[in-house]
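Report on the structure given below.
Just so you know, ligand 1 is whichever comes first in the structure, and atom 1 is the first atom listed for that ligand.
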Amino acid sequence: MDLGLEGKAALVGGASKGIGLAVAQALAGEGCRVAICARGEETLRAAAAALRLRSGSGATGAEVLPLVCDMAQYADIKRAVAQAAAAFGRLDILVNNAGGPPTGTFDELDERHWLHALEQNLLSAVRATREALPYLRRSGAGRIINITSVAVKQPIDGLMLSNATRTAVVAMAKTLSRELAAEGITVNNVCPGNIATERLISLIEERARRQGQTLEQAVSLEEGRVPMGYLGDPEDVANLVAFLASGKARYITGTTIQVDGGSTTALL
Ligand code: NAD
């Protein structure tokens, strides 16, 4: 299916690794110009070079713009959105993504943890959306896609901050989707389940340590919880994001879709 994304411009948060990088790859592979954000300049530049190489060898070739940006800092977000729009002359697609907050129960988390999680995992989406909206409005087919977690359908024990901040993103997105629908801008949430990235492996390692298991035991336990029997790849999430970013998904807005190999048991 040709997604018709050639010539569009996208900004992807948290994109030097993992799901964000796979999303940038999928969009670049479709001929999108992509700005990728992360805090560490070296890893970011290496990711951009790899993206250019991979997409450049394909039919479309793509422009990739690395932007050092801490998604927890409003000034960084403002600058990144302005730089992307200036470099590409437009912005059509915003993918809100950042690293996950630390694990912990209520008793283990203090005010500082909460404030940082709110900045990184809720306000990042609010602020990037605010800054990008003028450009998305001009696009005529603007797209806002928030990477959240299956935790918004079934809160996960021990992930207090993730459960709380991501459900707020979903509530914001639903409300916003109705406010922007008449302008042709869609707003959707994508919820990864168990996707094999550094983030997931470090969560599994932590769990293994707490429960006195080896990493292999903990991984196979995790795989056993997925009806499909294996962990997903970042590309499994990226494929859905690319579709939602395209004109093919013009009538899909306000949704929250999991990519989890069937592990969520909630109905909605
Ligand atoms: P990851 O840790 O592998 O990659 C995160 C990326 O974001 C990296 O490029 C990192 O440098 C960047 N980043 C982190 N914090 C940032 C910040 N403040 N500003 C800018 N860039 C930042 O994570 P991932 O597995 O790709 O997960 C992406 C998001 O999806 C996270 O919020 C994660 O919690 C969520 N999620 C992941 C899974 C999973 O199974 N992997 C499941 C549910 C939810």
How would you list all residue pairs meeting side-chain hydrogen bond (donor to acceptor under 3.5 Å, both in side chains) that involve residues 230-251, not counting sequence neighbours? none
Does a side chain donor of either Glu131 or Tyr74 reach within less than 3.5 Å of an acceptor in the other side chain? yes
Side chain or backbone of [X] under 4.0 Å from ligand 1, or both, or neither, by non-hydrogen atoms?
X	value
Pro234	neither
Lys17	both
Asn194	backbone
Arg166	side chain
Val150	neither
Ile147	side chain

Nearest-contact summary for [atom] - protein heavy atom, Å:
atom	value
atom 9 (O) of ligand 1	Ser16 OG, 2.7 Å
atom 25 (O) of ligand 1	Thr197 OG1, 2.4 Å
atom 29 (C) of ligand 1	Asn97 OD1, 3.2 Å

Thr255 (side chain) donor-acceptor with Ile257 (main chain) under 3.5 angstrom: no
Any Thr43 heavy atom less than 4.0 Å from ligand 1: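 No.
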Which residues pass the side-chain hydrogen bond (donor to acceptor under 3.5 Å, both in side chains) test with Arg45, sequence neighbours left out? Glu41
Nearest heavy atom to atom 12 (C) of ligand 1 wins, so pick from Ala80, Gly100, Gly14. Gly14
Determine, considering heavy atoms only, which of Asp76, Asp70, Thr148 sits nearest to atom 35 (C) of ligand 1.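 Ranked by closest heavy atom to atom 35 (C) of ligand 1, first place is Thr148.
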